[in-house]
Amino acid sequence: MRKVIFGGANSLDNYFARLDGGVDWLLWNDEVTEIMNEFWPKVDCVVMGRKTYDVAMKMTPKGKKMKNPYGDMETYVFSRTLPPGEKDGVEIVKEDPGKFVANLKKQKGKDICAMGGGDLARTLLEAGVIDEIGLNIHPVLLGSGVPLFYEMSRQIDLQLLECKPLKNGCVYVSYRVVN
């Protein structure tokens with residue numbers, strides 16, 4: 001069965017982005033590139049919420065028409081506001097994310113990357129479909145912003161798989177979801 005891996009970069013006080021969606025505080029270096037180069041070949045499907053999709057589309061270089069922000073990779077966007085169906089190489093989904101992702105896990109393929117904000121993470125964690133969490137924790141306290149995780153109805157136990165300090169002051173951690 002395919003694994004679902006949730007992750008991204010976050011501030012030490014657990015925000016994905018500033019309140020305005022800004023990510024100007026993110027630090028990048030060769031070690032992060034290496035981690036990403038090891039990760040992406042293991043997945044062939046991306047799931048995300050509509051707000052994350054909007055941010056990904058805004059990061060498109062000016063003047064360049066971009067369809068799916070992940071190229072040919074199978075990409076699903078969960079939205080309560082966009083009409084369902086295929087749009088520019090991305091499938092807009094109105095179904096329950098937990099049930100939809102549980103069905104994706106049963107299909108043949110590589111692992112599934114769950115991207116984006118804490119609202120989708122909460123839904124998928126509470127549905128029990130996330131298998132691993134990988135985070136690049138940045139040495140900054142934003143004070144406010146888009147939360148990494150929202151309040152959940154239950155405790156989610158984790159087992160540490162990897163903890164790697166990076167030269168730029170970040171720490172990469174990877175956990176297996178226990179329950």
Side-chain angles (χ1 to χ4, degrees), residues 1-11 14-26 28 32 35-61 64-107 109-138 145-152 156 172 174-175 177:
M1 185 181 295
R2 301 162 88 179
K3 286 190 299 189
V4 175
I5 303 163
F6 171 76
N10 61 292
S11 65
N14 283 318
Y15 294 106
F16 262 141
R18 297 186 190 281
L19 286 173
D20 66 0
V23 291
D24 57 300
W25 50 274
L26 290 177
W28 198 266
V32 175
I35 291 167
M36 298 311 295
N37 286 341
E38 289 175 17
F39 173 74
W40 283 111
K42 297 176 184 176
V43 300
D44 64 0
C45 179
V46 175
V47 297
M48 68 181 83
R50 197 247 335 134
K51 293 175 197 167
T52 300
Y53 174 67
D54 288 347
V55 170
M57 295 308 289
K58 285 179 186 173
M59 296 177 108
T60 303
K64 184 177 180 187
K65 172 72 172 131
M66 185 176 207
K67 291 186 176 193
N68 182 338
Y70 300 98
D72 294 335
M73 194 170 298
E74 194 175 340
T75 304
Y76 299 95
V77 175
F78 296 99
S79 175
R80 293 183 279 276
T81 58
L82 297 174
E86 193 274 331
K87 177 187 175 191
D88 295 329
V90 172
E91 186 73 24
I92 308 297
V93 179
K94 280 204 180 287
E95 295 176 44
D96 174 80
K99 290 178 184 176
F100 187 88
V101 172
N103 286 330
L104 277 179
K105 287 178 74 165
K106 295 174 189 173
Q107 297 175 10
K110 296 180 182 181
D111 291 339
I112 301 164
C113 173
M115 301 190 95
D119 197 23
L120 180 62
R122 170 184 50 200
T123 300
L124 297 179
L125 282 164
E126 289 185 340
V129 297
I130 293 180
D131 301 291
E132 291 182 10
I133 298 172
L135 300 169
N136 180 4
I137 304 168
H138 284 59
V146 179
L148 173 60
F149 296 108
Y150 285 76
E151 185 176 319
M152 289 185 251
I156 307 292
Y172 173 74
S174 176
Y175 293 95
V177 176

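None of these values were measured; they are calculated from a predicted model.
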Response to the item:
From the list Leu120, Ile92, Val77, side chain to side chain contact (heavy atoms under 4.5 Å, CB included) with Arg50 holds only for Val77

Looking at every non-hydrogen atom in both residues, tell me the closest pair between [X] and [Y] and how far apart they are.
X     : Y      : result
Val23 : Ala17  : CG1-CB, 3.9 Å
Gly22 : Trp25  : O-NE1, 3.4 Å
Arg2  : Gly109 : CG-O, 3.5 Å
Glu74 : Leu104 : OE2-CD2, 4.2 Å

Say you draw a straight line from [atom1] of [X] to [atom2] of [Y]; how long is it, rounded to the nearest 0.5 Å?
X     : Y     : atom1 : atom2 : result
Ser79 : Tyr53 : OG    : OH    : 10.0 Å
Asn10 : Tyr15 : CG    : OH    : 11.5 Å
Phe78 : Glu91 : CZ    : CD    : 10.5 Å

Worksheet item: Is a side-chain donor or acceptor of Asp44 paired with a backbone partner of Lys110 at a separation under 3.5 angstrom?
Response: yes

Fill in: Check: Lys94 side chain, Leu82 main-chain N or O, donor-acceptor pair, under 3.5 Å
yes

Give every donor-acceptor pair under 3.5 Å between a side-chain atom in residues 122-133 and any protein atom, sequence neighbours left out.
from, atom 1, to, atom 2, distance (Å)
Arg122, NH1, Glu151, O, 3.3
Arg122, NH2, Asp119, OD1, 2.6
Thr123, OG1, Asp119, O, 3.2
Glu126, OE2, Ser153, N, 2.5
Glu126, OE2, Ser153, OG, 3.0
Asp131, OD1, Lys105, NZ, 3.1
Asp131, OD2, Val4, N, 2.7
Asp131, OD2, Lys105, NZ, 2.9
Glu132, OE2, Lys3, NZ, 2.8

Worksheet item: What do you reckon, is NZ of Lys99 surrounded by more than 12 foreign heavy atoms closer than 6.0 Å?
Response: no

Non-hydrogen side-chain atoms of [X] and [Y] separated by less than 4.5 Å:
X      : Y      : value
Pro97  : Val47  : no
Lys42  : Ile5   : no
Phe16  : Lys51  : no
Cys113 : Met73  : no
Ile35  : Asn136 : no

Discussion item. Tell me whether the rings of Phe149 and Phe6 are parallel (<30°), tilted (30 to 60°) or perpendicular (>60°).
Written reply: tilted

Worksheet entry | With sequence neighbours excluded, residues passing side-chain hydrogen bond (donor to acceptor under 3.5 Å, both in side chains) with Ser11 | Asp13

